[in-house]
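Heads up: the structure comes next, in structure tokens.
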Amino acid sequence: MRADRVEWEQRLLSDDGPLREIADTVQGPFHVMFPERIVENIGRFQKSFVDNDVAGVIYYGKKANKSACVIEACAAAGAGVDVASVGELGAALRGGIDGADLMVTGPVKSDELLMAAAANDALIAIDSPAELARLIELSRRRLPATTARIVLRVLPKDSTSRFGMTDTELDNIWDQLDTTSVRLEGYSFHLSGYDAVPRAELAAALVDRCLKARVNGHPADIISIGGGFSVSYIASELWHSFLDNVNPSWFHGGRAPRPDSYYPYHCAVAGPQMLTAILEHNGLGDRLRKAGIRLAIEPGRALLDRAGSTVFRVQGVKTREAQHIPYDILTVDGSSLSLSEQWFDTEYLPDPVLWPERIGSITPTCVGGATCLESDMLSWRRIPLPRAAVVGDLLVYPNTAGYQMDSNESEFHELPVPPKVVLRNSADGRQFQWTREPDPRDVRSNATPAASLNLS
Ligand SMILES: *Cc1c(COP(=O)(O)O)cnc(C)c1O
């Protein structure tokens with residue numbers, strides 16, 4: 001299924017684009033990032049808030065991509081960052097995000113993370129009464145001059161999530177909220193699924209909780225509705241025709257994922273439009289405005305929509321048959337660790353582009369990685385490529401910045417982790433300049449942790 005292309009992707013894939021030069025220089029698989037697109041994506045969410053006259057705050061859900069260029073784009077566009085570890089917190093600060101623009105989420109956070117969060121004036125999403133007690137204890141003992149900023153994470157009704165607090169826990173929290181060591185700024189949640197309505201309904205219910213908190217003497221003026229803003233990868237007709245017709249025989253070895261395991265690759269109301277739908281549902285925007293409450297969102301995937309691609313080189317081609325029909329199996333010079341969807345019993349479905357793009361005879365093709373694992377397939381599906389691939393061709397998987405490229409990467413088989421190449425427009429906007437980003441692990445090991453976390 002061909003993914004729609006935006007302008008920078010077309011330029012990347014054009015014959016006179018930078019792909020060959022980068023591939024020859026890097027000599028292995030690589031990821032391309034285009035941070036300008038992230039700035040645009042943030043701008044679209046900001047516009048939805050402005051159009052609906054609601055005060056909004058955006059925190060980028062950092063686990064979706066480790067690249068430093070994402071943090072820089074957030075800093076440039078006025079977005080904060082949602083982090084869940086000391087490593088992510090340090091990377092966000094080094095990338096130019098103010099401590100006060102950080103949200104710290106994650107279940108039962110370590111003492112070190114709570115301390116670093118409080119010392120940097122970050123907003124801390126408290127996951128349980130016990131965690132709150134520990135934060136208060138740490139503040140009294142170790143950071144007596146600070147008042148930690150917190151929101152309370154809510155366990156949605158009927159949810160089996162292991163995160164957040166029950167209604168009873170929230171109702172009984174008041175005695176525990178010592179206002180000299182913590183400041184209750186509001187409530188947060190994060191829902192699975194990609195529907196606007198449950199998010200709007202839970203946010204509306206939390207307006208009442210904020211008003212109640214104010215009666216109890218807390219500022220409570222923010223509600224964070226988490227992430228889960230969907231991304232539309234493929235046109236509606238292609239996606240629905242796939243769902244209607246998909247058949248295990250389309251996959252190498254008959255290894256088709258369960259039909260309900262796929263990410264919804266087409267979405268009619270995606271990203272910023274989904275935010276607008278949430279704000280418009282039952283007048284949520286009006287209620288927030290009247291109550292003087294800011295709405296925070298924590299999008300990960302949606303801020304990275306069409307902000308990156310992953311490039312492999314074809315290292316070998318072999319031909320097999322299924323039901324007497326020949327098809328090719330490619331081996332590329334990387335692995336499915338750089339395409340995380342493959343590790344969740346499902347498949348990444350936007351078609352890779354065989355580059356250079358030429359018309360030939362359509363060739364059903366699966367793609368395997370350069371490891372000794374039978375299961376290391378980047379595409380089990382026989383993709384109808386527009387020509388037969390040959391050694392040295394490039395295979396470009398589109399729209400991989402959100403979760404695909406680096407969530408699962410490791411130096412398996414002692415293969416190096418693919419570098420990230422950052423593309424920026426030249427002054428006239430016609431040419432790309434590219435730079436190779438330092439490996440985040442090297443940056444981390446060179447930083448002096450205590451100082452960079454404001455704890456020295
Ligand atoms: C993962 C996560 C996000 C980001 O989710 P996306 O689906 O990428 O938007 C935001 N908030 C929390 C608490 C998360 O765990």
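Every number for a ligand or one of its atoms is a count from 1 in the order of the listing.
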Should A64 be listed as contacting ligand 1, given a heavy-atom distance under 4.0 Å as the test? no
Which atoms of ligand 1 have any heavy atom of Y403 under 4.0 Å away? 1 (C), 4 (C), 5 (O), 6 (P), 8 (O)
Using a 3.5 Å distance criterion without hydrogens, assess whether the side chain of S336 forms a donor-acceptor pair with backbone atoms of Q342. no
Between E298, R153, M103, flag the one that comes closest to atom 11 (N) of ligand 1 by a heavy atom. E298
W239 vs F242 aromatic rings, parallel, tilted or perpendicular, using cut-offs 30° and 60°? parallel
Could you check whether K109 pairs with D127 (Lys NZ or Arg NE/NH1/NH2 to Asp/Glu carboxylate O, under 4.0 Å)? no
How far does CZ of R209 sit from CD1 of I293, to the nearest 0.5 angstrom? 13.0 Å
Which heavy atom of the protein is the closest neighbour of atom 1 (C) of ligand 1, given with residue, atom name and distance? K63 NZ, 1.2 Å
Less than 4.0 angstrom from a charged side-chain N to a carboxylate O is my criterion; do E185 and R183 meet it? yes
So that I can tick it off, tell me whether D305 and R44 are bridged by a salt bridge, with the cut-off set at under 4.0 angstrom between side-chain N and carboxylate O. no
At under 4.0 Å between heavy atoms, is it the side chain or the backbone of K62 that contacts ligand 1, or both, or neither? neither
Just need the protein heavy atom nearest to atom 9 (O) of ligand 1, so name the residue and atom and give the distance. G228 N, 2.8 Å
If the contact criterion is a heavy-atom separation under 4.0 Å, does F163 count as touching ligand 1? no
For the 3.5 Å polar cut-off, considering only N or O atoms, please tell me whether G300 and ligand 1 meet it. yes
Would you call D345-R255 a salt bridge at under 4.0 Å N-O? no
Give the numbers and elements of all ligand 1 atoms closer than 4.0 Å to a heavy atom of D82. 10 (C), 11 (N), 12 (C)
Region of H190 engaging ligand 1 - heavy atom pairs below 4.0 Å: side chain
Using non-hydrogen atoms of the residue, decide whether A302 is closer than 4.0 angstrom to ligand 1. no
